[in-house]
Q: 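Okay, here's the structure, questions in a sec.
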Amino acid sequence: MDHSSLRASDADRDRTAGILRDALAEGRLTAEEHAERIDAVYEARTLGQLEPLVRDLPGGHGPAAETAAATASTRPYGASVRPAPMASENVVAVFGGATRRGRWRPAPRTNVLALFGGVEIDLTEAFFEQREIVLNVWAVFGGVEIRVPENVSLRGAGSGVFGAFDVQTVEAPDPDAPVVVVTGFAVFGAAEAKPRKGRRLKNLRAAN
């Protein structure tokens, strides 16, 4: 039976995003490739659309039926892996500043550009509506500061060109905790991401 036309579940998308996240950490994918594939993951509606995104990666082999079976009982927590209504958003500061903080809902992917300006991204009070959030950062003669709750996982894959790209990698003790991935470049600028001490998500499994 061909299962490629079956509708993909939240757990299917989360498993696929996890394979891509591991591939990024292992150097199998570049930051740009990871960002492109993550976009496609959250836009996928069927198992057949998810399969090609991980077919060339470890853990991404096998028919769609096996993918569905493997993810059927592994949804991480409540409804918090629902795809957000919008696949991505942009935060731009050009010769100025931009801020995202408080009780906001970050998209699965947020593109951040600081060009002769500064951007502050504070996720310590954000509503996490999906398991993985990707921040694709460009700091060009500018700065980007990212803060996350101390009980979520924080991972990074970026480069500094006459600048600094500093992500304080953290693996949360809870395997079901949200994951924030920071990718991109700092060109004559600086990008920094780290946990904010004393700020924690109160219930990692509660639907926001």
Q: Is any side-chain N of the basic residue among Arg45 and Asp12 closer than 4.0 Å to the acidic one's carboxylate O?
A: no
Q: With sequence neighbours excluded, give me every ring pair (Phe, Tyr, Trp, His ring centres under 6.0 Å) pair touching residues 13-40.
A: none
Q: Could you work out, with side chain to side chain contact (heavy atoms under 4.5 Å, CB included) as the rule, every residue matching Arg101, not counting sequence neighbours?
A: Thr99, Glu120, Asp122
Q: Cut-off 3.5 Å, no hydrogens considered: what does the side-chain donor-acceptor table look like for residues 158-167, sequence neighbours left out?
A:
none

Q: Give a yes or no on whether the backbone of Ala44 and the side-chain of Arg13 come within a donor-acceptor separation of less than 3.5 Å.
A: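 At least one qualifying donor-acceptor pair exists.
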Q: Nearest 0.5 Å, what's the CZ-CG distance between Arg28 and Leu57?
A: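 Interatomic distance, Arg28 CZ to Leu57 CG, rounded to 0.5 Å: 7.5 Å.
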Q: Can you tell me if Arg131 uses its side chain to pair, donor with acceptor, with the backbone of Ala177 under 3.5 Å?
A: yes
Q: Are Phe95 and Phe188 in one and the same hydrophobic cluster, where Ile, Leu, Val, Met, Phe, Trp and Tyr link if side-chain heavy atoms are under 4.5 Å apart?
A: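 They do share one cluster, since a chain of ILVMFWY contacts under 4.5 Å joins Phe95 to Phe188.
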Q: Just verifying a value: how many Å separate Leu47 CG and Ser5 OG, rounded to the nearest 0.5 Å?
A: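 With rounding to 0.5 Å, CG (Leu47) is 8.5 Å from OG (Ser5).
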Q: Applying side chain to side chain contact (heavy atoms under 4.5 Å, CB included), can you list everything that pairs with Val92, at least two apart in sequence or on another chain?
A: Asn90, Val94, Leu113
Q: Taking the side chain as everything from C-beta on, heavy atoms only, tell me whether Glu145 gets closer than 4.5 Å to Ile121.
A: no
Q: Working to the nearest 0.5 Å, report the span between CZ of Arg109 and OH of Tyr42.
A: 12.5 Å
Q: Going hydrophobic residue to hydrophobic residue with side-chain gaps under 4.5 angstrom, can you get from Phe185 over to Val181?
A: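 Not linked; separate clusters.
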Q: So, do Thr110 and Val91 sit near enough that their side-chain heavy atoms are less than 4.5 Å apart?
A: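 Sidechains of Val91 and Thr110: in contact.
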Q: Kindly write out the residues that satisfy side chain to side chain contact (heavy atoms under 4.5 Å, CB included) with Glu125, not counting sequence neighbours, or none if the list is empty.
A: Arg103, Arg199
Q: If I compare all heavy atoms of Val152 with all of Pro178, which pair ends up nearest, and what's the gap?
A: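 Residues Val152 and Pro178, closest heavy atoms: CB-O, 3.5 Å.
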Q: For the backbone of Glu33 and the side chain of Glu36, can you confirm whether one donor and one acceptor N or O come within less than 3.5 Å of each other?
A: no
Q: Identify every side-chain donor-acceptor pair in residues 133-143 under 3.5 Å, counting partners at least two apart or on other chains, and give the distances.
A:
from	atom 1	to	atom 2	distance (Å)
Asn136	OD1	Thr183	OG1	3.1

Q: What is the distance from atom CG of Leu20 to atom CG of Leu24, rounded to the nearest 0.5 Å?
A: 9.0 Å
Q: Going by side-chain contact (heavy atoms from CB on, under 4.5 Å), Pro195 matches just one of Asn151, Thr124, Leu154. Which one?
A: Leu154
Q: Same hydrophobic cluster for Val187 and Val112, using side-chain heavy-atom links shorter than 4.5 Å among ILVMFWY?
A: no
Q: Atom CD in Glu89, atom CH2 in Trp104: separation rounded to 0.5 Å?
A: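 Answer for the CD-CH2 pair, Glu89 versus Trp104, is 5.5 Å.
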Q: How far apart are the C-alpha atoms of Arg196 and Val148, what are their side-chain angles, what is the distance that settles it, and do they pass the side chain to side chain contact (heavy atoms under 4.5 Å, CB included) test?
A: CA-CA 6 Å; Arg196 175 158 285 169; Val148 304; over 6 Å; no
Q: Does some side-chain heavy atom of Leu123 sit less than 4.5 Å from a side-chain heavy atom of Pro106?
A: yes
Q: Please report the shortest heavy-atom distance between Gly189 and Ala186, naming the atom on each side.
A: O-CB, 3.7 Å
Q: Please name the pair of heavy atoms, one in Asp56 and one in Leu53, separated by the smallest distance, quoted to 0.1 Å.
A: OD1-O, 4.3 Å
Q: Please evaluate residues Ile38 and Glu132 with respect to the criterion side chain to side chain contact (heavy atoms under 4.5 Å, CB included), reporting the C-alpha separation (whole Å), side-chain torsions for both, the decisive distance (0.1 Å), and the verdict.
A: CA-CA 9 Å; Ile38 281 293; Glu132 179 175 277; 3.0 Å; yes
Q: Can you list the residues that meet the side-chain hydrogen bond (donor to acceptor under 3.5 Å, both in side chains) rule with Arg100, with sequence neighbours excluded?
A: none
Q: Could you give all pairs that pass the salt bridge (Lys or Arg N to Asp or Glu O under 4.0 Å) test and reach residues 149-165, with sequence neighbours left out?
A: Glu150-Arg200, Arg155-Glu171
Q: Nearest heavy-atom pair of Gly118 and Ala93: which atoms, and what distance?
A: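 So the two residues come closest at O-CB, 3.4 Å.
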Q: Any chance you could lay out the side chain to side chain contact (heavy atoms under 4.5 Å, CB included) test for Val144 and Glu192, step after step, and finish with the verdict?
A: CA-CA 6 Å; Val144 176; Glu192 180 188 64; over 6 Å; no
Q: Taking it one step at a time, do Val182 and Ile146 satisfy side chain to side chain contact (heavy atoms under 4.5 Å, CB included)?
A: CA-CA 9 Å; Val182 182; Ile146 299 167; 3.9 Å; yes
